[in-house]
There are 2 protein chains.
Amino acid sequence: MSDSSDVLRASIGLAVSTVIFALRDAEGDTSGPAVGTDAPATVWLPLVRRIREPQCGRWALPGGMVELDESLEGAARRNLAETTQLEPAYLEQLYAFGDVDRSPDRRLVSIVYWALVRPDEAERLTLGENVQWFPADELPELAFDHNLIVDYALWRLRTKMEYSAIAHAFLGDEFTLAELRGVYEAVLQKPLDPANFRRQMESSGAIEPTGGVVTGGRHRPPKLYRYTGDVQLVDAGPLTPRISA
Amino acid sequence: MSDSSDVLRASIGLAVSTVIFALRDAEGDTSGPAVGTDAPATVWLPLVRRIREPQCGRWALPGGMVELDESLEGAARRNLAETTQLEPAYLEQLYAFGDVDRSPDRRLVSIVYWALVRPDEAERLTLGENVQWFPADELPELAFDHNLIVDYALWRLRTKMEYSAIAHAFLGDEFTLAELRGVYEAVLQKPLDPANFRRQMESSGAIEPTGGVVTGGRHRPPKLYRYTGDVQLVDAGPLTPRISA
DNA sequence: CCAAAAGTGTTCATTCTACACCCATGG
DNA sequence: CCATGGGTGTAGAATGAACACTTTTGG
């Protein structure tokens, strides 16, 4: 091998991976409202099968190397688009994993992001032999330390759901309170009181009625709501300079 | 230059930096209890002056490159010991900063940690022309994006102080409730009701009386407490596998 | 009219907050 | 005995959980 290859092998490789969450019903069908229906929605994530050593054949998080001229988040978005065609509604850095022995080949540090996609966006994932949705709670043994990473991402999703306003990243622009509550129930895996949930949401100032209602159900038509944007969605502190929506 | 140097320049450099917090009184003296005295303690952090380009002369966070055979946290601890002689009581990953233009020289990604040190440990910092304590709220213009990083670390410290039990990392093994309250007041920058603070701490199960008291004050001798360890200090979820003290 | 989900009202328990008050020590 | 901070008690506000009850639609 050439000199440059040896030098590269002697440097630390920098990669990004992303844990992508979407809500789908128990059978794995994202068509339809996905929440608010009879079947309780659950958290799913897409994985890709490794087609080269090391760990060839194992399922893994989508990701790849960071290019010299792209930011970390940019690299995450590019890899996401390339391997899954997904453009997440929410994307946040999770953690940098860099244990010496986490990759058997060369030394690799992975900046891991986590993402939320809307149901309609989740449809764009081109399924195949090497790309597949998995329920977040019953994953196979993944490549490298990816099981640990998914556990951590799930924990972050659940804790952040309790004090932040990220739930809308699972929904479209307009939604009913039942749909929003369905998101919370699916992620937190526990039923919520509809009456109290309504009051908490309304008093938070995070949502406002659009004026529209949903007709067609065999019951009282629910109002539609949208997010006001008044409430800061996340808590990244001095980071995320107000934009990023 | 040789071929290997060009290749290295064409790869992404991986560094670690650490934001180190300690409590010192307004004049910057860490001798004595540092909290619980008359002068209200404030948050300080040590910076090192850059002695080479780029940004030569500017104050910056202590840090350095990650070696091939050390973990990210290990690299943070080593750089801390080498540049400041400090061994923090608490050390946690903060964020990975990797914007393309954050370093004018080569492409550099920094995994940033934040740390808390005890007052006696803070004494070990060997001050000099190029190593100095600064009050966290009135920093000069730092090198690179380090002002943003410190702001973020300060925000994390303050938010985490409200729901976690990290305050003891600023104190010794034994402490009075007034000292512990002093830590909270210094970090959160607001006075706390002694009576309510006592009840909250006692009911949390995080502390227990040692049986000892502090005599010598011109008032009723306060009891000494220690942390029980029953309460998980931090909230890193699936990470931090129970050990790490 | 009936079933079902939307939406409102009310009660009770828990927690937070403010502040009055007593205790123990040094001077 | 007095000043000072340590420590306890308690009333009112605020929040949250539980659940009864009314409203509006399709069938």
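Computation of the quantities below employed the complete heavy-atom set of this structure, encompassing side-chain atoms and omitting hydrogens, waters and symmetry-equivalent molecules. Naming convention: chains lettered A, B, ... in sequence-line order (proteins, then strands); numbering from 1 in each chain.
- Using a 3.5 Å distance cut-off with no hydrogens or angles, the side chains of A:Arg158 and A:Gln189 do pair a donor with an acceptor.
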ring-ring contact (aromatic ring centres under 6.0 Å, His included) between A:Trp59 and A:Phe134, intermediate numbers included: CA-CA 10 Å; A:Trp59 292 97; A:Phe134 288 84; 5.0 Å; yes

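- If you take CG of A:Leu177 and C1' of C:dG7, they are 10 Å apart, rounded to a whole angstrom.
- Between A:Leu224 atom CG and C:dA6 atom C1' there is a gap of 13 Å when expressed in whole angstrom units.
- What separates CZ of A:Arg218 from C1' of C:dA5 is a distance of 11 Å, to the nearest Å.
- Of the residues in residues 192-203 of chain B, B:Asp193, B:Ala195, B:Asn196, B:Arg199 come within less than 4.0 Å of DNA chain C through at least one heavy atom, sorted by number.
- Comparing C:dA6, C:dG7, C:dT25 by their closest approach to the side chain of A:Ala178 singles out C:dA6.
- A salt bridge links A:Glu73 to A:Arg77: one of the charged nitrogens lies within less than 4.0 Å of a carboxylate oxygen.
- Between B:Glu179 atom CD and D:dG7 atom C1' there is a gap of 16 Å when expressed in whole angstrom units.
- Regarding A:Lys223, its NZ atom lies at a distance of 19 Å from the P atom of C:dA5, rounded to whole Å.
- Listed by chain and number, the residues in a ring pair (Phe, Tyr, Trp, His ring centres under 6.0 Å) with A:Tyr113 amount to none (sequence neighbours excluded).
- To the nearest angstrom, C1' of C:dT25 lies 8 Å from NE2 of B:His219.
- For the residue pair B:Glu202/B:Tyr225, the side-chain donor-acceptor check at 3.5 Å is satisfied.
- Partner of A:Val43 under the side chain to side chain contact (heavy atoms under 4.5 Å, CB included) criterion, chosen from A:Asp137, A:Leu23, A:Val183, A:Leu116: A:Leu23.
- Of the two residues near DNA chain D, B:Thr176 and A:Gly217, the one whose nearest nucleotide lies more 5' is B:Thr176.
- Computed from coordinates, the A:Leu180 CG to C:dG7 P distance equals 13 Å when rounded to whole Å.
- Rounded to a whole Å, the NZ atom of B:Lys190 is 10 Å from the P atom of C:dA18.
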